[in-house]
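Numbering starts at 1 and runs along the sequence shown. Counting convention: from 1, in listed order, for ligands and their atoms alike. Just so you know, these numbers come straight off a predicted model, no measurement behind them.
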Amino acid sequence: MSSPKRKTEELNDDVVKKARTSQDDNLESEIAQEMAFTEPSNTTPDSLINHEAAIKYWSSTEPTVNGVLGGYPQVSRIDLQGSGNFLAKLRRQSKHFSADKKLRRAVDCGAGIGRITEGLLRNVAETVDIVEPVKSFTDQANGKAGVGEIYNVGLEAWHPEKEGRGPYDLIWNQWCLGQLTDAQLVDYLKRLPAVLSEGGWIVVKENLSNDAAGNDIFDEVDSSVSRTDTKFRNLFEDAGLRLLSTELQKGFPKGLFPVRVYALVPR
Ligand SMILES: C[S@@+](CC[C@H](N)C(=O)[O-])C[C@H]1O[C@@H](n2cnc3c(N)ncnc32)[C@H](O)[C@@H]1O
């Protein structure tokens, strides 16, 4: 899932274990068929993304921190603390924004119920816009202090350069970019510099794939992918963005996917 997620035993590992212990000659060919079915050869993980299925899943999820964090509400506090520290470092190094004055406008992308808006962004910016396709989630944020425009749309269809209220000093994307295909993600990231103020940052904070073969991992529960660090860096490059700073989130419970935060600027 694009939320915090426990590392899972790969189905294929189980299948291989079965093969090693079986005496049945027919089983190996059954297993080969099963593996071919679970891992179609010409299919990239992101090509399995289905937006309709994703929205159906998220729309049936309770509009709470527990719901948007996939049953790990306890990571929210440490996540927000890590993000706050990361942002504070960016601000201390900035020539454009003084660390003791609020940013003018930020946007929380794939915002869910506005967990990050409420716990971080509205403390550092005067106004925070929200982009989130699921209305039952944004209803939780609508009307709260510091919340500006709300766009009920997926990021693949959000065109801030045409309809946005930018420029934005900070564009925050967390635990939602796995809902986009690689091509949609690059197109989306390419649209952002037009609405980023001078000296502003695009922040991406996402789970990293821990696949032993270095592949992205598709999750059918919310129809999303977890990408490798290398894939993220390549896509940022393709989108014309420069990596300014990056850190691994520390302090999450053991067994969850690693989470990395990236600060990007136009090249
Ligand atoms: C794991 S939740 C994270 C919410 C929020 N970023 C947070 O960290 O609390 C994933 C969010 O992505 C949203 N989402 C699903 N498809 C999306 C899309 N195509 N574009 C943007 N967000 C999407 C879901 O509705 C959900 O709110």
Hey, can you tell me if W158 and Y188 have their rings parallel, tilted or perpendicular (30° and 60° cut-offs)? tilted
So which heavy atom in the protein is nearest atom 19 (N) of ligand 1, and how far is it from that ligand atom? E156 OE1, 2.9 Å
What pair of heavy atoms forms the shortest contact from T246 to L243, and how long is it? CG2-CD2, 4.0 Å
For S98 and D100, which I'm curious about, is there any donor-acceptor pair between the side chains at under 3.5 Å? yes
Between E247 and N85, do the side chains contain a donor N or O and an acceptor N or O under 3.5 Å apart? no
Please write down residue, atom name and distance for the protein heavy atom closest to atom 20 (N) of ligand 1. L155 N, 3.0 Å
S3 contact mode with ligand 1 (heavy-atom cut-off under 4.0 Å): both
min-distance protein heavy atom vs atom 1 (C) of ligand 1 -> V68 O, 3.0 Å
Heavy atom of the protein closest to atom 4 (C) of ligand 1 (residue, atom name, distance): G110 O, 3.4 Å
With D129, which of R165, R122, R105 fulfils salt bridge (charged side-chain N to carboxylate O under 4.0 Å, His left out)? R105
Sub-4.0 Å atoms of ligand 1 with respect to non-hydrogen atoms of L180: 19 (N)
Do any N/O atoms on D108 end up under 3.5 angstrom from N/O atoms on ligand 1? no
With clusters defined by side-chain heavy atoms of hydrophobic residues (ILVMFWY) lying less than 4.5 Å apart, directly or transitively, does L241 cluster with L208? yes
Look only at interatomic distance and state if I116 has a nitrogen or oxygen under 3.5 Å from any nitrogen or oxygen of ligand 1. no
Using a strict 4.0 Å cut-off to heavy atoms of G154, name the atoms of ligand 1 that fall inside it. 18 (C), 19 (N), 20 (N)
Any nitrogen or oxygen of R115 lying under 3.5 Å from a nitrogen or oxygen in ligand 1? Just yes or no. yes
Relative to each other, are the rings of Y262 and F236 parallel, tilted or perpendicular (30° and 60° limits)? perpendicular
Please determine whether any non-hydrogen atom of P133 lies less than 4.0 Å from an atom of ligand 1. yes
Atom 12 (O) of ligand 1 sits nearest the protein heavy atom C176 CB, 3.6 Å
Please work out whether any backbone atom (N, CA, C, O) or any side-chain heavy atom from C-beta onward of W58 is under 4.0 Å from ligand 1, and answer side chain, backbone, both or neither. side chain
If the condition is salt bridge (Lys or Arg N to Asp or Glu O under 4.0 Å), which residues does E62 pass it with, not counting sequence neighbours? none
Taking it one step at a time, do N215 and T228 satisfy side-chain hydrogen bond (donor to acceptor under 3.5 Å, both in side chains)? CA-CA 7 Å; N215 296 317; T228 64; over 6 Å; no
Note the single closest protein heavy atom to atom 10 (C) of ligand 1, along with its residue, its atom name and the distance in Å. W175 O, 3.1 Å
Any side-chain donor paired with an acceptor under 3.5 Å for S245 and K89? no
Does any N/O atom on E132 come nearer than 3.5 Å to any N/O atom on ligand 1? yes
Please report whether ligand 1 has a polar contact with Q174, defined as an N or O pair separated by less than 3.5 Å (distance criterion only). yes
Counting from 1 in the order shown, the ligand 1 atoms closer than 4.0 Å to a non-hydrogen atom of G112 are 4 (C), 27 (O)
If we set the cut-off at 4.0 Å for heavy atoms, which region of D222 has an atom near ligand 1: side chain, backbone, both, or neither? neither
Atoms of ligand 1, numbered as shown, that sit under 4.0 Å from any heavy atom of V134: 25 (O)
Do V68 and W175 sit in one hydrophobic cluster, given that two such residues count as connected whenever their side-chain heavy atoms are within less than 4.5 Å of each other, even indirectly? yes
Cluster question for you: counting only ILVMFWY and a side-chain heavy-atom cut-off of under 4.5 Å, with indirect links fine, are L185 and L192 together? yes
